[in-house]
Amino acid sequence: MITKFRARYIQDSTINRLIFIHLLLAAVAFFKDILLAVYFGTSEIADALMLAYFIPDTIGNNLMAAAIAVAYVPFFSTLLARERNDQLYQAIQQVIFIFLSISTAIIVLLILFGRSLLQLIGTGMDENLIQLCYQFFLIILPIILLYPLTMIATSILHTYHKFNLPALTQVLHNGVLFIFLLSLIMGKVPVRSGGYWMASAITLATLVMTMIHWYAIFKGKINFSLLYHTKTSYKFKQLSPILHEFWPYFLILISTQIVYFVDRYLASSLGTGTIAGLNYAFRVSQFPIWVFVAAVNAVILPSLSRASAMGDYQVLLTKFKQAMMIILSITIPVALIFFVFRVPLISLLFQRGAFNETSLSITSDILAGYSLAIVGQSATLVCIRYFLAVKKMIYPFMIMLLAALITIISDFLLVDWMGAGGIGYASFIGSIVSAGLLLYYLFKDVNQSKN
């Protein structure tokens, strides 16, 4: 009884620390976004920079890195729980090898075909703006390699219950961008030149984050010196279990990113500044997810994975319910506040400098639907952690594919009817579909496991 109480206390205190760090992260990111809005507003340069950032960030961070950070925590945690250290070290080596190879190949392809891809997404941009966007794009491109390396390190640290450093480096990442933006504003650097500086700052900040993660692993309390000496194989038979852990969640992320691709495609045809307004609205709506949901998910996934590995479904269900209750108690009131007070909120946050009345209208219209989607998106993320832990990803994949299809259809229908605001409401519809179906199949799986 005392051991359970102590474990619960440790988990709760870890979540509380992470929430504090994520609040700090949100504060730094918030002030960075304010400076971004002040300096770039919803100008053509803002659209070019954000579109240039969207593709490398989508591939390197939101697809590969996000899948690595989530999919390999259960995998590494299972090996650690069963005291298979040699297999753990081999698995880490293989994951590094795989994603260095994949990232390098993608970078080469994007250097060759990136301009055509930008033209496809930025259908409403003229040729001069596309050329500028492509130049920003080439500067930011290395993050496709850096983010996966960072998240491999993050998954290792999370497996060993080292949660603080990965969160703090995100604060540092946004802090570097904040300093660059402040310097550009104070130095009165022309916005076009500032775009090049900002693209460079994004790559530099990501590089610093990557280096700190790996320094912590090799020089910290976690002894990975055996990584230098452990022999491993790169034959397909040895690599296939590693890839098997990655692909299901990666495919789920692809379905989500296709929706974001369509959102920006539609936004680019709605006039100058809509892409930038979409970006600002999205970042505001993700605030409770970055701060609270990310903290709970980071702590709960290793615990769910260990409970699943030991076959203790009662603990598994208890921890899931605890996580869901925490998240719903926070996101429901936040979603309502964001929806009701979206116009004064956006005005308070961004309306200064180059961010004018038109910018306010575009951003607040999109935020309306995004606000309502917060609850469904948060519940969806927690449910997916459960299915990752029990290694049953077929239902989440099919559900997320269906939700993405419904969101995209809603996008086209609602944008024709409501303009830019339809993008946000389409996201809300998709989030309700995904959360509802995932919860249904989750409790069905729990009941089957008990029997």
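Note that the structure is predicted; figures quoted are calculated from it, not measured. Because only heavy atoms are used, hydrogens play no part in the values below, and waters and symmetry mates are left out as well, while side chains stay in. Each residue takes its place number in the sequence, starting with 1.
A donor-acceptor pair is defined here as one N or O able to donate and one able to accept, closer than 3.5 Å; no such pair exists between the side chain of Ser285 and the backbone of Leu367. Using modelled atom types, one side-chain atom of Thr203 and one backbone atom of Ile139 make a donor-acceptor pair closer than 3.5 Å. A donor-acceptor pair is defined here as one N or O able to donate and one able to accept, closer than 3.5 Å; such a pair exists between the side chain of Thr210 and the backbone of Leu146. A donor-acceptor pair under 3.5 Å is absent between the side-chain atoms of Ser103 and the main chain of Leu100, judged by distance alone.
When side chains are defined from C-beta on, Leu172 does not count as touching Leu168, because their heavy atoms never get closer than 4.5 Å. A heavy-atom distance below 4.5 Å is found between the side chains of Ile59 and Leu110. Contact of the Leu278 side chain with the Tyr370 side chain is registered, since non-hydrogen atoms from C-beta on lie closer than 4.5 Å. When side chains are defined from C-beta on, Tyr196 does not count as touching Leu49, because their heavy atoms never get closer than 4.5 Å. No side-chain heavy atom of His173 sits less than 4.5 Å from a side-chain heavy atom of Thr169. The side-chain heavy atoms of His213 and Met151, taken from C-beta on, include no pair separated by under 4.5 Å. In this structure, Val284 and Tyr280 have side chains that are not in contact, with every pair of non-hydrogen atoms separated by 4.5 Å or more. Put simply, the side chain of Leu132 reaches to within 4.5 Å of the side chain of Ile45, judged on heavy atoms.
One side chain, Asp445 or Tyr386, offers a donor N or O that lies under 3.5 Å from an acceptor on the other.
Partner Ile107 forms a side chain to side chain contact (heavy atoms under 4.5 Å, CB included) with one of Leu138, Leu141, Ile102, Leu112 and no other, that one being Leu141. If you run side chain to side chain contact (heavy atoms under 4.5 Å, CB included) between Leu118 and each of Tyr134, Phe113, Phe54, only Tyr134 comes through. Screening Ile406, Ile429, Leu266 against Asp411 for a side chain to side chain contact (heavy atoms under 4.5 Å, CB included) leaves a single residue, Leu266.
Atoms CD1 and OG, on Ile179 and Ser183 in that order, are 7.5 Å from each other to the nearest 0.5 Å. Summarising the geometry, atom OG1 belonging to Thr58 is positioned 6.5 Å from atom CG belonging to Leu63; distances are rounded to the nearest 0.5 Å. Atom-to-atom distance recorded for Ile399:CD1 and Tyr440:OH is 10.5 Å, nearest 0.5 angstrom. Atoms CD1 and CG, from Ile202 and Leu207 in turn, are 14.0 Å apart once rounded to the nearest 0.5 Å. Remark: Leu120 CG to Tyr265 OH distance equals 7.5 Å, nearest 0.5 Å. Going from atom CZ of Phe99 over to atom CD1 of Ile144 covers 14.0 Å, rounded to the nearest 0.5 Å.
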(request) Start with the C-alpha gap between Phe387 and Ile394, add the side-chain angles, then the distance that decides, and say whether side chain to side chain contact (heavy atoms under 4.5 Å, CB included) holds. (result) CA-CA 9 Å; Phe387 286 107; Ile394 184 63; over 6 Å; no
(message) Applying side chain to side chain contact (heavy atoms under 4.5 Å, CB included) to Leu270 and Val415, what does each step give before you reach the verdict?
(response) CA-CA 9 Å; Leu270 294 175; Val415 165; 4.1 Å; yes
(message) Determine whether Cys383 and Leu439 satisfy the following criterion, side chain to side chain contact (heavy atoms under 4.5 Å, CB included), listing intermediate values before the conclusion.
(response) CA-CA 7 Å; Cys383 289; Leu439 282 169; 3.5 Å; yes
(message) Go through it in stages, so that I can follow the logic: the residues are Phe338 and Phe287, the test is side chain to side chain contact (heavy atoms under 4.5 Å, CB included), and I'd like the CA-CA distance, side-chain angles, deciding distance and then a yes or no.
(response) CA-CA 10 Å; Phe338 279 16; Phe287 168 82; 4.2 Å; yes
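Across every non-hydrogen atom of Leu35 and Leu181, the tightest pair is CB-CB, 3.9 Å. For the residue pair Ala29 and Asn174, the shortest heavy atom distance occurs at CB-OD1, 3.6 Å. Nearest approach of Gly194 to Leu184, heavy atoms of both residues: O-CD1, 3.8 Å. Shown here for Thr407 and Gly430, the closest heavy-atom pair between the two residues is OG1-CA, 3.1 Å. Residues Val334 and Pro288 share a closest heavy-atom pair of CG1-CG, 3.8 Å. Here the closest non-hydrogen pair linking Ala379 and Ala435 is CB-CB, 4.1 Å.
Taking the six-membered ring where the residue is Trp, Phe180 and Trp197 present tilted rings, their angle falling between 30° and 60°. Phe443 and Phe320 have perpendicular rings, their planes meeting at more than 60° on a 0 to 90° scale where under 30° would count as parallel.
Identified under the side chain to side chain donor-acceptor pair (under 3.5 Å) test for residues 373-384, with sequence neighbours left out: Gln286-Gln377, Gln377-Ser427, Thr380-Ser434.
No salt bridge links Arg192 with Glu44; every basic N to acidic carboxylate O contact stays at or beyond 4.0 Å.
Counted within 6.0 Å of OH on Tyr395, heavy atoms from surrounding residues, nucleotides or ligands total 12 or fewer; the atom is thus considered open.
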